[in-house]
Asker: 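Quick one: the structure is below, questions incoming.
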Amino acid sequence: MLPTGLIACVLLHMAASVEVPKLNMLDGGQMPAIALGTYLGFDQNGVVRSKSKELRDAVLAAVDAGYRHIDTAAIYETESEIGEALKMKFNEGVVKRDDMFITTKLWNTAHKKEQVEPAIRSALNKTGLDYFDLYLMHWPIALNEDNSYANVDIMETWRALEDVQRLGLTKSIGLSNFNKEQLQRVLSEGSIKPVALQIEVHPQIIQSDLISFCKSEGIIVMGYSPFGSLVMRYGLQFPGPKMDDPLLVGLGQKYGKTPAQIVLRWAVDRGVVPIPKTIKPSRLTENISIFDFKLTPDEIEKINQYNSNTRYTIPSFWQEHPNYPFEKIDNPVKDPFKKD
Ligand code: NDP
């Protein structure tokens, strides 16, 4: 017989792990309805790297909390620590490979058809995995090694993604940061339909048109930067609702949730897979504890009213590229990736 303390401990552990629902993808696979974001940001030295294995530890805690979907990208430089954490969780027997859904992305400097297979193999090597669940073209922007614009058609890259899927290196393929016209082109000229489109979605950019179009095509929308103005970005506060916003606080009181959870649930209720990033264990649990309530259509509509089509990810340094997907701005910033 197990001692009472141990039983309580086991029950507590079970209760702490959230069961995340899954969405059906049009190629027959299933995607967990929330993903852990793993981009640690950018500073004057380039991409921020994980310190003292903080990202590995966050992924370990995330798996324990119930996350089954991890979002990464070659450019984030987090693939190795994610792989390390997964290996530990596989060895502990907490999860098996097919319990997990791993999304990663092809970077812009590897768009030529002969570069795509080596790029995904390199990412697999870093993670120690045999396959990814989802491989996305990160941007419709092809660059040369020195970050000058490369002349590679998006269909050349897409066909190479189709090839790596056929080789079994990824179960599914999709796109990120494509606008509607670019997505339509892939749909009409490609042999395999993208299963997912990853774009910026939060209360300041609700993306209604692109989301309805994707829904009509059976494509899942993954929403990045899901907290919008609720959190600081680049060390700054941007206009828009904050954590003390009366509507979000009121809905939080009604459902016993925080404003952050209300905004994540708003995404889920619109059929969007949110990708919240945190490395803090308490926030990991907070962000995934959103599957025991639902907003009403009227509440969703009220949050939609915060829309101002404001993006936080505006790589205006690429705006003269022929495939730049967004609206151009007046004063483009200097390319942080470009070496002088
Ligand atoms: P998020 O909206 O996830 O915001 C992250 C910030 O919110 C961090 O500062 C985090 O701090 C804080 N935070 C997290 N949870 C809470 C909480 N419950 N309460 C208060 N603060 C919280 O934005 P990101 O821009 O990081 O996007 C998320 C993910 O989307 C990325 O990690 C990446 O995987 C993906 N992405 C994809 C892009 C693409 O081009 N496809 C572009 C941008 C992002 P802390 O860590 O200290 O908890």
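Residue numbers run from 1 in the order of the sequence given.
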Asker: Of all residues at least two apart in sequence or in a different chain, which pass the side-chain contact (heavy atoms from CB on, under 4.5 Å) check with D298?
Answerer: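 side-chain contact (heavy atoms from CB on, under 4.5 Å) check on D298 returns T296, K302.
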
Asker: For D153, what residues pass the salt bridge (Lys or Arg N to Asp or Glu O under 4.0 Å) criterion, not counting sequence neighbours?
Answerer: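 Result, salt bridge (Lys or Arg N to Asp or Glu O under 4.0 Å) vs D153: R185.
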
Asker: Sequence neighbours left out, what passes side-chain contact (heavy atoms from CB on, under 4.5 Å) with V231? Give chain and number order.
Answerer: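 side-chain contact (heavy atoms from CB on, under 4.5 Å) check on V231 returns F227, R233, M243.
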
Asker: Mind checking what makes side-chain contact (heavy atoms from CB on, under 4.5 Å) contact with Q30, not counting sequence neighbours?
Answerer: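 Partners of Q30 by the side-chain contact (heavy atoms from CB on, under 4.5 Å) criterion, ordered by chain and then number, come out as K22, N24.
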
Asker: Please list, chain by chain and in numerical order, all residues satisfying salt bridge (Lys or Arg N to Asp or Glu O under 4.0 Å) with R68, sequence neighbours excluded.
Answerer: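 Salt bridge (Lys or Arg N to Asp or Glu O under 4.0 Å) list for R68, sorted by chain: empty.
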
Asker: How are the rings of H321 and Y149 set relative to one another: parallel (under 30°), tilted (30 to 60°) or perpendicular (over 60°)?
Answerer: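 Answer is perpendicular, since the angle exceeds 60°.
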
Asker: Tell me every residue that passes side chain to side chain donor-acceptor pair (under 3.5 Å) with S229, counting only those two or more places apart in sequence or in another chain.
Answerer: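 Per chain and number, S229 pairs via side chain to side chain donor-acceptor pair (under 3.5 Å) with Q204.
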
Asker: Between V263 and I205, is there a shared hydrophobic cluster once you connect ILVMFWY residues whose side-chain heavy atoms come closer than 4.5 Å?
Answerer: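 Hydrophobic grouping puts V263 apart from I205.
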
Asker: Listed by chain and number, what are the side-chain contact (heavy atoms from CB on, under 4.5 Å) partners of D98, not counting sequence neighbours?
Answerer: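 Per chain and number, D98 pairs via side-chain contact (heavy atoms from CB on, under 4.5 Å) with K96, Y131.
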
Asker: Which pair of heavy atoms, one from L197 and one from C214, lies closest together, and at what distance?
Answerer: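 Smallest heavy-atom distance, with atoms named: CD2-SG, 3.8 Å.
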
Asker: Other members of the hydrophobic cluster containing Y312, with the 4.5 Å side-chain heavy-atom rule, please.
Answerer: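 Members besides Y312, by chain and number: Y234, L236, F238.
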
Asker: Using the salt bridge (Lys or Arg N to Asp or Glu O under 4.0 Å) criterion, which residues pair with D163? Sequence neighbours excluded.
Answerer: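 Once residues adjacent in sequence are excluded, the partners of D163 under the salt bridge (Lys or Arg N to Asp or Glu O under 4.0 Å) criterion are R166.
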
Asker: Donor-acceptor pairs under 3.5 angstrom involving side-chain atoms of residues 120-128: please list them, not counting sequence neighbours.
Answerer:
residue : atom : partner : partner atom : Å
R121    : NE   : E117    : OE2          : 2.9
R121    : NH2  : E117    : OE2          : 3.0
T127    : OG1  : A123    : O            : 3.1
T127    : OG1  : L124    : O            : 3.0
T127    : OG1  : L129    : N            : 3.3

Asker: Mind checking what makes ring pair (Phe, Tyr, Trp, His ring centres under 6.0 Å) contact with F42, not counting sequence neighbours?
Answerer: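 With neighbours one apart ignored, the set is F337.
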
Asker: Among all residues two or more places apart in sequence or in another chain, which pass the side chain to side chain donor-acceptor pair (under 3.5 Å) test with K51?
Answerer: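 With neighbours one apart ignored, the set is empty.
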
